[in-house]
Amino acid sequence: MMLWMFVVGSACHAAERGELTVSETAGIRRFSYPVQADVRFEEPPPEGMKFRLLHEGEPLPAQFRITDDGVSLDFDASFLPQESRTYEIEYGDDVAPLDEPPPGMHVAEHDDHYLVKHTQYLAWKIPKTLRGFLDSVTTPDLEFVRPASAGFVVKLRDRDLHHIGIENSPAQVTGSRIAKQGPIQCELEFDVELKNSIRPLSSRIRLSFPRSKSWVLVEWTIEDTENLVEQCGIDVNLNVVGTPTLVDFGAGSFVYAPLAPEQSFLMKGVRIGEQKEWVVLRGPADKLEPYVVRSAAFPAPAEGWAHVMDKDRCTAISVADFGDASGDTIQIDDDGRTQITRGEFKEKLQTKSLKVWYHFVTMPVHVGAATSPQSMLVPLKTAWKPR
């Protein structure tokens, strides 16, 4: 999913319309793909304003949520490669909105955690402290994560590596909330403070759960005007049963391997000027050896995705902008531990970010996912034109 923000005129009373163009740009067929658009108003929408989505005059199921300065729209759509389609958004007091679709996604808040349910199929348990990131990801038959994950990690230049939410860590959640509740899309937000010897840094982690896919999209942004953050990442113990653990990497072309006991598989992106180099290594964690390297035969940049599989389950992982920061890595151990690192940050960026999709599906992945990692990395694009 990609967030697009558009500005329209001031709040209205009589029904008005605008055009929302949605385009597939990666050349990949999309099946019930999440579409999100945030339409901003010059003034906050008045209470009671109504909205609906139409295509060729026919109303479509959609989720509208009024925000502080506009409305957030979520719906699902299927597209052919390179197809572009124009929808209409009707808004005003006189609009007759279509009923929202039957219950799909729902977030329940508990004392120490959130429980996100995907109808009766899938449930995520997320601690409010974000310690370990995911306590569980379950279907009626399968568990996708193991206990005691490290979760979100950050390395500041004047300190060691720290884990968000553990006792005495300088990285702690200071607030959390349900940012969006609805049958088509749910979102959680966490405010995280990173203490250091100079001054605390503020950061935010947003988790998005669409109805049409069994993934969680993680977006972590850190305000770092003084270039104090060296690395950030996510460390999750995925549950794999039996041997060997099977791994695919999107690196130039397609790199895959089984992992024997005590083996690891690592894809590393290295930025040299404008060039994105990469290498895939395999072996014992303390003695990794080159497996595939970028060459004339594999000249493309690493795409930044991976599959982690056993005979029953697959977790598809996609990392946006992989290789933009020198030292970006995805490491997968034979027991399913998966470490994503963004860094090392060498440029002074005011905002540093990490964006990752975790897609939990059943095997075979070709049937269970129905969505390729590449399509996660290139969401549908949208453009708004008020009338």
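Listed here is the closest heavy atom pair of Arg30 and Leu380: CG-CD2, 3.9 Å. Nearest heavy-atom pair across Cys314 and Val365 is SG-CG2, 3.7 Å. Across all their heavy atoms, Pro183 and Glu100 have their closest contact at CD-OE1, 3.4 Å. Contact between Asp76 and Pro34 at its shortest, heavy atoms only, is OD1-CA, 4.0 Å. In this structure, Ala171 and Val154 approach most closely via the heavy-atom pair CB-CG1, 4.3 Å. Closest heavy-atom contact between Arg85 and Ala77: NH1-CB, 4.2 Å.
The only member of Met376, Arg342, Lys355 that meets side-chain contact (heavy atoms from CB on, under 4.5 Å) when paired with Val319 is Arg342. Of the options Arg211, Arg65, Lys180, a salt bridge (charged side-chain N to carboxylate O under 4.0 Å, His left out) to Asp74 is made by Lys180 and by none of the others. Of the listed residues (His113, Glu109, His110), just one forms a side chain to side chain donor-acceptor pair (under 3.5 Å) with Lys128, and that residue is Glu109.
In terms of hydrophobic clustering, with Ile, Leu, Val, Met, Phe, Trp and Tyr side chains grouped at heavy-atom distances under 4.5 Å, Leu115 and Ile178 are assigned to different clusters. Under the 4.5 Å side-chain contact rule for hydrophobic residues, Tyr114 and Val236 share a cluster. The cluster map of Ile, Leu, Val, Met, Phe, Trp and Tyr, joined by side-chain heavy atoms under 4.5 Å apart, puts Ile166 and Val153 in different clusters. Clustering ILVMFWY residues whenever any of their side-chain heavy atoms sit less than 4.5 angstrom apart, transitively, puts Met363 in a cluster other than the one holding Leu122. Linking Ile, Leu, Val, Met, Phe, Trp and Tyr residues whenever their side-chain heavy atoms come within less than 4.5 Å leaves Phe249 and Leu246 in two separate clusters.
Residues passing the salt bridge (Lys or Arg N to Asp or Glu O under 4.0 Å) test with Glu223: none are found, sequence neighbours excluded.
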Solution key, residues 260-268 side-chain donor-acceptor pairs under 3.5 Å, sequence neighbours excluded:
from, atom 1, to, atom 2, distance (Å)
Gln263, OE1, Ala260, N, 3.0
Ser264, OG, Asp333, OD1, 2.6

Please list every donor-acceptor pair under 3.5 Å in which a side-chain atom of residues 293-303 meets a protein atom from a residue at least two apart or in another chain.
from, atom 1, to, atom 2, distance (Å)
Arg294, NE, Lys276, O, 3.4
Arg294, NE, Pro299, O, 2.9
Arg294, NH2, Pro299, O, 2.5
Ser295, OG, Ala297, N, 3.3
Glu303, OE1, Trp305, NE1, 2.4
Glu303, OE1, Gln374, NE2, 3.4

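Contact of the Val255 side chain with the Asp248 side chain is not registered, since no non-hydrogen atoms from C-beta on lie closer than 4.5 Å. When side chains are defined from C-beta on, Val218 counts as touching Phe133, because their heavy atoms get closer than 4.5 Å. The closest side-chain heavy-atom distance from Ile317 to Thr315 is below 4.5 Å. You'll find the side chain of Leu207 stays beyond 4.5 Å of the side chain of Glu187, heavy atoms only. The side-chain heavy atoms of Arg29 and Leu80, taken from C-beta on, include a pair separated by under 4.5 Å.
No donor-acceptor pair under 3.5 Å is formed between the side chain of Glu88 and the backbone N or O of Gly57. Counting only distance, with no hydrogens or angles, the side chain of Thr21 and the backbone of Thr382 share no donor-acceptor pair below 3.5 Å. Asp321 contributes no side-chain N or O that, together with a main-chain N or O of Asp324, makes up a donor-acceptor pair within less than 3.5 Å. Between the side chain of Ser169 and the main chain of His163, a donor-acceptor pair closer than 3.5 Å is present. For the pair Thr139 (side chain) and Asp141 (backbone), a donor-acceptor distance under 3.5 Å is present. The backbone N or O of Ala257 lies less than 3.5 Å from no partner atom in the side chain of Arg282, so there is not a single donor-acceptor pair. Side-chain N or O atoms of Asp191 include none that pairs as donor or acceptor with a backbone N or O of Arg204 at under 3.5 Å. For the pair Asp334 (side chain) and Leu259 (backbone), a donor-acceptor distance under 3.5 Å is absent. At least one donor-acceptor pair closer than 3.5 Å links the side chain of Arg146 to the backbone N or O of Asp335. Using a distance-only test at 3.5 Å, with no hydrogens or angles considered, no donor-acceptor pair links the side chain of Ser214 to the main chain of His359.
Using a 4.0 Å cut-off between charged side-chain N and carboxylate O, Glu219 and Arg206 make no salt bridge. A salt bridge does not link Asp93 with Lys50: every distance from a Lys NZ or Arg NE/NH1/NH2 to an Asp or Glu carboxylate oxygen is 4.0 Å or more. Residues Glu90 and Arg17 are paired through a salt bridge, judged by an N-O separation under 4.0 Å between the basic side chain and the carboxylate.
Cation-pi geometry between Arg52 and Phe64 is not met: the NZ or CZ atom fails to fall both under 6.0 Å from the ring centre and inside 45° of the normal.
More than 12 heavy-atom neighbours from other residues, nucleotides or ligands sit within 6.0 angstrom of OH on Tyr291.
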Exercise. Any chance you could lay out the side-chain contact (heavy atoms from CB on, under 4.5 Å) test for Thr362 and Asp312, step after step, and finish with the verdict?
Key: CA-CA 6 Å; Thr362 55; Asp312 296 315; over 6 Å; no
Report task. Would you please test Ile234 and Leu354 for side-chain contact (heavy atoms from CB on, under 4.5 Å) and show each step? Result -> CA-CA 9 Å; Ile234 310 173; Leu354 174 62; 3.9 Å; yes
Criterion ring-ring contact (aromatic ring centres under 6.0 Å, His included) on Phe75 and Tyr87, from CA distance to verdict:
CA-CA 11 Å; Phe75 65 102; Tyr87 298 84; 5.1 Å; yes
Open item on the list: Let's go through Leu73 and Leu20 carefully: what are the C-alpha distance in whole Å and the side-chain angles of both, what is the deciding distance for side-chain contact (heavy atoms from CB on, under 4.5 Å) to 0.1 Å, and is it a yes or a no?
Closed with: CA-CA 11 Å; Leu73 164 65; Leu20 180 72; 3.8 Å; yes
| task | Any chance you could lay out the side-chain contact (heavy atoms from CB on, under 4.5 Å) test for Ser203 and Trp220, step after step, and finish with the verdict? | result | CA-CA 7 Å; Ser203 72; Trp220 185 5; 3.4 Å; yes
>> Using the rule given for salt bridge (charged side-chain N to carboxylate O under 4.0 Å, His left out), can you reason through Lys287 versus Glu289, listing the C-alpha separation, both sets of side-chain angles and the distance that settles it, and then say yes or no?
In response: CA-CA 6 Å; Lys287 196 178 180 181; Glu289 296 180 339; 5.2 Å; no
Exercise. Go through Tyr358 and Thr338 one step at a time and tell me if the side-chain hydrogen bond (donor to acceptor under 3.5 Å, both in side chains) criterion holds.
Key: CA-CA 11 Å; Tyr358 290 87; Thr338 300; over 6 Å; no
Would you check, one step at a time, whether the test side-chain hydrogen bond (donor to acceptor under 3.5 Å, both in side chains) holds for Lys213 with Thr371? CA-CA 8 Å; Lys213 305 298 176 186; Thr371 297; 2.6 Å; yes
Q: Given side-chain hydrogen bond (donor to acceptor under 3.5 Å, both in side chains), test Ser32 with Ser212 step by step and report yes or no.
A: CA-CA 6 Å; Ser32 295; Ser212 63; 6.0 Å; no
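The aromatic rings of Tyr256 and Phe254 sit tilted, their planes meeting at an angle between 30° and 60°.
Asp38 and Ser72 form a side-chain donor-acceptor contact under 3.5 Å, judged by distance and modelled atom types alone.
If you look at Phe209 and Trp124, their ring centroids are closer than 6.0 Å. Ring centroid separation for the pair Phe360 and Trp215 does not come in under the 6.0 Å cut-off.
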